[in-house]
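My structure is below; once you've seen it, I'll send some questions.
Note that this is a predicted model, so its numbers are computed, not measured.
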Amino acid sequence: RARLLANIDVEGSGAVVASADTEWMGGAYQFHWERDGSLTMQALMAAEPNQTLVDEKMEAYMGWVSKVQHIADPNGLDVRSEPKYHIPTGVPDSGPWCRPQKDGPGLRALALSKYGLALLAR
């Protein structure tokens with residue numbers, strides 16, 4: 001649990017780091033991956049009994065999502081379909097990777113929708 005929580009809201013940014021490894025294949029691997037971040041937030045909502053903690057983490061995550069969706073995409077795409085972002089800036093990574101990523105946006109929308117429905121149910 002502590003390790004999971006340590007990877008959520010990294011540096012107060014709202015981002016979810018996929019790996020805290022700074023030496024992966026000779027370079028940092030500290031990105032917010034859209035798909036992994038949304039799946040992590042869904043797991044948090046499903047498994048964390050402390051609703052106040054869930055709310056804090058989801059508020060931070062929503063702030064992150066809003067931030068990255070308003071950053072110009074250096075790859076010339078709709079920024080919402082980028083697979084990974086730098087933490088804490090939110091700038092999309094320009095390294096080689098499959099673009100656009102089609103599962104990340106849908107999973108992000110699902111995580112946010114589930115949280116919205118949970119709020120309405122209270």
- Query: So do Ser38 and Leu110 actually touch side chain to side chain, heavy atoms under 4.5 Å?
  - Reply: no

- Say whether, by atom type as modelled, one donor and one acceptor occur between the side chain of Ser13 and the main chain of Val10 under 3.5 angstrom. yes

- Query: Glu82 and Arg99: salt bridge (charged side-chain N to carboxylate O under 4.0 Å, His left out), yes or no, with the steps?
  - Reply: CA-CA 7 Å; Glu82 279 293 338; Arg99 287 183 178 84; 2.7 Å; yes

- Arg108 side chain near Met41 side chain, heavy-atom distance below 4.5 Å: no

- Any side-chain heavy-atom pair of Leu107 and Gln42 under 4.5 Å: yes

- Task: Would you check if Ile8 and Val17 make a side-chain contact, meaning some heavy-atom pair closer than 4.5 Å?
- Result: no

- Hphob cluster co-occupancy, Leu117 + Met58, side-chain heavy atoms under 4.5 angstrom: no

- Do any N or O atoms from the side chain of Ser66 and from the backbone of Met62 form a donor-acceptor pair under 3.5 angstrom? no

- Would you say Glu48 and Arg1 make side-chain contact, with heavy atoms under 4.5 Å? yes

- Message: Can a donor-acceptor pair be found, under 3.5 Å and without considering hydrogens, that links the side chain of Thr40 to the backbone of Asp36?
- Response: yes

- Would you say Ser94 and Asn75 make side-chain contact, with heavy atoms under 4.5 Å? yes

- Task: Please work out which of the three classes, parallel, tilted or perpendicular, describes the rings of Tyr61 and His32, given edges at 30° and 60°.
- Result: tilted

- Message: Is there a path of hydrophobic side-chain contacts, each under 4.5 Å between heavy atoms, that joins Leu112 and Val54?
- Response: yes

- Asp78 versus Pro100: any side-chain heavy-atom pair under 4.5 Å? no

- Message: What I'd like to find out is whether the side chain of Arg35 reaches to under 4.5 Å of the side chain of Gln101, using heavy atoms alone.
- Response: yes

- Query: According to the interplanar angle, ranging from 0 to 90°, do the rings of Trp33 and Trp97 count as parallel (below 30°), tilted (30 to 60°) or perpendicular (above 60°)?
  - Reply: perpendicular

